[in-house]
Undergrad: 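The structure follows.
Start at 1 and go down the list; that is how both ligands and their atoms are numbered.
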Amino acid sequence: MSSKPPLILGIDTSCDDTGVGLVALEDGGPRVLANAVYSQSVHRSYGGVMPELASREHVERIRPTLDAALEEAGVRLQDVTLVAATRGPGLVGALLVGLTYAKGLAQGLGVPFRAVHHLEGHIAAAAAEGEPLEYPHLALVVSGGHTHLFDVHGPGDYRLVGATRDDAAGEAFDKVARLIGLGYPGGPAISRAAENGDASAVELPRPLQGQKGFDFSFSGLKTAALLAHRAGARPEDLAAAFQARAVEALVTTTRRAAVALERRAIVVSGGVAANRALREAFADTARRYRLEVRFPPGRLNTDNGAMIALSALRFLHDSASDADFEADAEAYLPLAAGPAPASLR
Ligand code: KG4
Ligand code: ZN
């Protein structure tokens with residue numbers, strides 16, 4: 001290993017954001033020195049991500065995004081001591097761009113390379129600031145592609161507690177926004193529209209009400225929203241009602257799991273963690289149930305490279321391994337194998 005101070009370069013190209021981040025390890029802990037993200041706008045007119053276009057854009061933007069990150073951090077590429085990139089899950093063509101680029105950088109610099117899991121990045125982003133979290137703790141990942149609740153027993157040790165049975169939370173926000181004509185990406189659009197809406201003006205169902213387990217379901221809610229839309233509900237009221245139900249489901253199920261498993265700390269991350277109503281509801285529950293709930297700092301909510309660098313921190317003291325240079329991009333890649341423990345079902 002080199003004697004240089006630890007500096008991790010992280011790259012994420014799993015979907016439609018080209019993210020390059022730099023994280024230094026200092027006395028007080030990790031510090032995000034740069035978090036450059038190029039958000040592709042070509043997809044807007046399609047109302048969803050076009051995989052082929054995403055790959056092409058990543059190819060074009062990865063170098064400028066790397067340069068932006070180095071400039072923001074005020075460091076040189078030669079100062080980097082470890083390179084990490086997302087191996088999955090995500091769009092294979094998009095993943096391959098960042099993964100291959102990162103391997104090339106590591107090879108050229110003669111430093112170790114680590115291929116990491118996208119969701120581990122999201123979780124690491126939420127734990128980035130403040131005192132290290134006690135283990136075990138819960139981690140709720142809510143993004144455009146995932147709604148997973150994990151029990152985290154240690155660095156890299158995840159057990160699945162619950163997951164969505166159909167749509168991911170962010171996917172549901174995006175679909176409902178499109179159905180009621182609010183545009184893409186739907187999460188921020190619904191959140192804005194909801195400010196001027198009355199949630200009680202539209203009656204929507206409570207998904208999986210009364211379940212013993214800790215799963216999520218959003219497609220019934222989406223269908224109910226569509227029917228209400230056809231029946232003439234105001235988009236603002238629908239946005240407010242949908243958001244209220246989605247937030248309620250996420251917070252209630254996570255809180256029940258925390259109580260059942262006797263966990264005191266929860267991290268909430270992924271794009272939907274940017275939602276203000278969700279943050280407020282979790283903060284309220286945290287007060288009432290004496291829990292600690294942590295969210296990533298603002299710019300680390302949605303996909304980015306800094307979270308990948310943060311998740312690779314645990315490899316800094318690993319003996320160097322070349323195995324990850326062989327890692328392939330994986331569209332489907334579970335973070336924690338197997339179903340939740342039977343005792344929880
Ligand atoms: O983590 P992310 O950037 O990408 C994935 O890995 O999926 O998450 C993107 C998702 C989108 O579905 C977007 O609509 C949602 O996060 N999102 C939000 C908000 N901001 C982004 N959902 C609800 N409220 C928001 N403020
Ligand atoms: Zn993500």
Undergrad: Is it the case that ligand 1 has an N or O less than 3.5 angstrom from some N or O of D174?
TA: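 It does: an N or O of D174 is found under 3.5 Å from an N or O of ligand 1.
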
Undergrad: Looking at H122, which atoms of ligand 1 are within less than 4.0 Å of one of its heavy atoms?
TA: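 With H122 as reference, the close atoms of ligand 1 come out as 1 (O), 6 (O).
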
Undergrad: Please work out whether the ring planes of H148 and F150 are parallel, tilted or perpendicular, with thresholds of 30° and 60°.
TA: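 Ring orientation, 0 to 90° scale: parallel.
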
Undergrad: Can D151 and R159 be counted as an ion pair, charged N to O under 4.0 angstrom?
TA: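 No, this pair does not count.
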
Undergrad: Among protein heavy atoms, which sits nearest to atom 17 (N) of ligand 1, and what does the distance come to when rounded to 0.1 Å?
TA: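 Minimum-distance protein heavy atom for atom 17 (N) of ligand 1 reads G271 O, 3.5 Å.
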
Undergrad: Could you tell me which residues satisfy salt bridge (Lys or Arg N to Asp or Glu O under 4.0 Å) with R255, sequence neighbours excluded, listed by chain and number?
TA: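 Salt bridge (Lys or Arg N to Asp or Glu O under 4.0 Å) list for R255, sorted by chain: empty.
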
Undergrad: Is E52 salt-bridged to R56, cutoff N-O under 4.0 Å?
TA: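 Between R56 and E52 there is a salt bridge, with a charged N closer than 4.0 Å to a carboxylate O.
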
Undergrad: Run the salt-bridge test on D284 and R288 with the 4.0 Å N-O cut-off and return the result as yes or no.
TA: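 Answer for the salt bridge query: yes.
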
Undergrad: Nearest protein heavy atom to atom 2 (P) of ligand 1, by residue and atom, and its distance?
TA: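 Ranked first by proximity to atom 2 (P) of ligand 1 is D303 OD1, 3.3 Å.
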
Undergrad: Just distances here: any N/O of G270 and N/O of ligand 1 closer than 3.5 Å?
TA: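 The answer is no, given that G270 and ligand 1 share no N or O pair closer than 3.5 Å.
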
Undergrad: Can you sort out the partners of E203 under salt bridge (Lys or Arg N to Asp or Glu O under 4.0 Å), two or more places apart, ordered by chain and number?
TA: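 For E203 the salt bridge (Lys or Arg N to Asp or Glu O under 4.0 Å) partners, ignoring immediate neighbours, are R245.
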
Undergrad: Under the rule for salt bridge (Lys or Arg N to Asp or Glu O under 4.0 Å), what residues qualify as partners of R264, not counting sequence neighbours?
TA: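 Listed in chain order: nothing, the list is empty.
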
Undergrad: Counting only N and O atoms by type, is there a donor-acceptor contact under 3.5 Å from the side chain of K103 to the main-chain atoms of A327?
TA: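 The answer is yes, because a donor-acceptor pair under 3.5 Å joins these two groups.
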
Undergrad: In terms of atom number and element, which parts of ligand 1 are under 4.0 angstrom from non-hydrogen atoms of G145?
TA: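 In order of number, 7 (O).
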
Undergrad: Which protein heavy atom lies closest to atom 7 (O) of ligand 1, and at what distance to 0.1 Å?
TA: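 Going atom by atom, the protein heavy atom closest to atom 7 (O) of ligand 1 ends up being G144 N, 2.8 Å.
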
Undergrad: State, to 0.1 Å, how close A128 and P30 come at their nearest heavy-atom pair, and which atoms those are.
TA: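 Looking at all heavy atoms of both residues, the shortest contact is O-CG, 4.2 Å.
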
Undergrad: Give yes or no for whether the N/O distance cutoff of 3.5 Å, strictly under, is met between H146 and ligand 1.
TA: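 Among all N and O atoms of H146, none is under 3.5 Å from an N or O of ligand 1.
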
Undergrad: Relative to the heavy atoms of G170, which atoms of ligand 1 are at a distance of less than 4.0 Å?
TA: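 Every atom of ligand 1 under 4.0 Å from some heavy atom of G170: 12 (O).
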
Undergrad: For the aromatic rings, using the six-membered ring if either is Trp, is the centroid distance between F242 and F173 under 6.0 Å?
TA: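 For F242 and F173, the ring centres are under 6.0 Å apart.
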
Undergrad: Less than 2.8 Å from the Zn ion (ligand 2) is the window; count the protein N, O or S atoms in it.
TA: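 Step by step: take the Zn ion (ligand 2), keep protein N, O, S below 2.8 Å, and you get 3.
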
Undergrad: Tell me whether F173 has any N or O atom under 3.5 angstrom from an N or O of ligand 1.
TA: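 By distance alone, the answer is no.
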
Undergrad: Compute the shortest N/O to N/O distance between N275 and ligand 1 and return yes if it is under 3.5 Å, no if not.
TA: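 Yes, at least one N or O pair falls under 3.5 Å.
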
Undergrad: Would you kindly specify which portion of R276 sits under 4.0 Å from ligand 1, judged on non-hydrogen atoms: side chain, backbone, both or neither?
TA: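 For R276, there is no contact with ligand 1 at all, from either part.
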
Undergrad: Is T302 touching ligand 1 with its side chain, its backbone, both, or neither, if touching means heavy atoms under 4.0 Å apart?
TA: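 Both backbone and side chain.
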
Undergrad: Do me a favour and list the nearest non-hydrogen protein atom to atom 18 (C) of ligand 1 with residue, atom name and distance?
TA: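 The answer is G187 CA, 3.4 Å.
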
